[in-house]
Amino acid sequence: MSMKYTLRLAKPDDAEKLLEIYAPFVISSDRALSDVSFEYEVPSAEEFTERIKNISADYPYIVCEHDGRLLGYVYAHPYIQRAAYQWGAEVTIYLAPEGQGRGLGKVMYEALEALLRLQGIVVTYACITASNEHSVKMHEACGYKIVGTFNNTGFKHGHWLDMVWMEKVIAEYPKQPELLKRIGELPADAVAAILREASTKLQ
């Protein structure tokens, strides 16, 4: 019997469905929603496909399916593009309305963090619009702490927006860290086991 909820790695073919989730966070008339993303225009399916490919080349990009419908996605990407920063990663999550309030975000983050630990990531960061209290609280529930605020750092819908940076240490700091592994360099069975265990938590 197949599982009702399935966490898996994203595919380029997911782009259009993921755009349906992402678009309201860019262009919704509800500013509480569209202030979440600092983009002004929704990217094309082609551009979004390239984003998935580029991110997935190095980092986990996870989607959650529910009876064939995508409910959300989460991924990691470089915090800053310098070699000495490689053991930290910025994380991003977007959930469809029907995917919210079910603990889905927490389970997806747990799976993401498990994969990141296998890669050698030690600390993760989330950059969130300060007015997005729902996201801030969700991240706090996942173990993140606010470590700083960037005041008036973005302008959208005729007003300036503050950003908060949140941090979570997900592994011990090694005295001499190994170079970061790409997601494709991880053992396939270990990746599958992490995603399978996360999927089971949602049943």
Side-chain angles (χ1 to χ4, degrees), residues 1-28 30 32-37 39 42 48 51-52 55-56 59-77 89-119 121 123-146 164-170 183 186 190-203:
M1 182 169 136
S2 61
M3 290 195 230
K4 196 172 183 183
Y5 290 88
T6 302
L7 265 63
R8 60 170 175 80
L9 296 180
K11 302 176 292 187
D13 290 347
D14 294 323
E16 290 191 10
K17 291 182 179 179
L18 296 184
L19 266 177
E20 292 178 8
I21 297 173
Y22 179 60
F25 294 101
V26 180
I27 58 171
S28 172
D30 179 359
L33 192 62
S34 56
D35 280 351
V36 169
S37 170
E39 292 198 85
V42 177
F48 210 78
R51 293 184 187 183
I52 294 173
I55 292 167
S56 298
Y59 293 89
Y61 197 129
I62 301 171
V63 300
C64 179
E65 276 188 317
H66 175 241
D67 290 339
R69 176 173 173 77
L70 296 186
L71 293 184
Y73 62 98
V74 60
Y75 62 86
H77 53 100
E90 187 177 345
V91 295
T92 299
I93 186 169
Y94 286 99
L95 299 175
E98 58 269 35
Q100 298 177 15
R102 302 183 180 189
L104 178 59
K106 186 174 186 295
V107 173
M108 294 184 75
Y109 262 153
E110 288 174 350
L112 180 70
E113 291 164 5
L115 293 175
L116 291 174
R117 277 191 290 271
L118 289 182
Q119 289 185 266
I121 295 293
V123 60
T124 53
Y125 304 97
C127 184
I128 304 168
T129 312
S131 58
N132 189 357
E133 295 180 4
H134 174 78
S135 183
V136 171
K137 289 179 180 178
M138 189 208 79
H139 282 80
E140 287 176 338
C142 291
Y144 284 78
K145 295 181 180 179
I146 294 176
V164 295
W165 278 95
M166 303 189 74
E167 177 189 75
K168 181 179 181 181
V169 177
I170 64 171
I183 182 67
L186 300 181
V191 174
I194 287 170
L195 295 175
R196 184 168 56 249
E197 180 181 355
S199 299
T200 301
K201 292 179 181 178
L202 294 170
Q203 309 314 312

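The figures here come from the full heavy-atom set of this structure, side chains too, leaving out hydrogens, waters and symmetry mates.
- Taking each heavy atom of C64 and L202 in turn, the nearest pair found is SG-CD1, 4.2 Å.
- Using bins of under 30°, 30° to 60° and over 60° for the plane-to-plane angle, the ring pair Y75/H77 lands in the tilted bin.
- The two atoms that bring L116 and A76 nearest to each other are CD2-CB, 3.8 Å, heavy atoms only.
- Rounded to the nearest 0.5 Å, atoms CD (Q119) and OH (Y59) are 7.0 Å apart.
- Listed here is the closest heavy atom pair of L71 and L104: CB-CD2, 4.0 Å.
- For the salt bridge (Lys or Arg N to Asp or Glu O under 4.0 Å) condition, the pairs that include at least one residue of residues 91-112, sequence neighbours left out, are R69-E98, K106-E110, E110-K201.
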(message) side-chain contact (heavy atoms from CB on, under 4.5 Å), that's the test. Do I62 and L9 meet it? Break it down for me.
(response) CA-CA 4 Å; I62 301 171; L9 296 180; 4.2 Å; yes

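- For the pair Y94 and S37, the tightest heavy-atom approach, listed with the atom from each and the gap, is OH-CB, 4.1 Å.
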(message) As a quick check of understanding, evaluate side-chain contact (heavy atoms from CB on, under 4.5 Å) for I52 and Y73, giving each step before the final call.
(response) CA-CA 11 Å; I52 294 173; Y73 62 98; over 6 Å; no

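- Using a 4.5 Å heavy-atom cutoff, the side chains of W165 and I146 are not in contact.
- Here NE2 of H139 is found 10.0 Å from NE2 of H134. Values are rounded to the nearest 0.5 Å.
- Here the straight-line distance linking atom OG1 of T200 with atom CG of L195 works out to 10.5 Å at 0.5 Å rounding.
- Applying the salt bridge (Lys or Arg N to Asp or Glu O under 4.0 Å) test to pairs two or more places apart or on separate chains, those with a residue in residues 5-17 are R8-D14, R8-E65.
- Note that NZ of K168 is 11.5 Å distant from NZ of K145, once rounded to the nearest 0.5 Å.
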(request) I would like to know whether Y144 and V91 meet side-chain contact (heavy atoms from CB on, under 4.5 Å); could you show each step before the answer? (result) CA-CA 11 Å; Y144 284 78; V91 295; 3.4 Å; yes

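- Side-chain N or O atoms of E167 include none that pairs as donor or acceptor with a backbone N or O of V123 at under 3.5 Å.
- To the nearest 0.5 Å, atoms CD1 (I183) and CG (L118) are separated by 8.0 Å.
- Under a 3.5 Å cut-off, the side chain of T129 and the backbone N or O of D35 do form a donor-acceptor pair.
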(request) Could you walk me through whether F25 and L33 pass side-chain contact (heavy atoms from CB on, under 4.5 Å), step by step? (result) CA-CA 5 Å; F25 294 101; L33 192 62; 3.4 Å; yes

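- What you find for I121 and A89 is that their closest heavy atoms are CD1-CB, 4.0 Å.
- Using modelled atom types, one side-chain atom of S34 and one backbone atom of S28 make a donor-acceptor pair closer than 3.5 Å.
- Counting all heavy atoms, side chain and backbone alike, L7 lies closest to A198 at CD2-CB, 3.6 Å.
- Residues L112 and I93 are not in side-chain contact: their nearest non-hydrogen atoms beyond the backbone lie 4.5 Å or more apart.
- Within 6.0 Å of CD on E197 lie no more than 12 heavy atoms contributed by other residues, nucleotides or ligands.
- In this structure, CD1 on I55 lies 5.5 Å from OH on Y61, to the nearest 0.5 angstrom.
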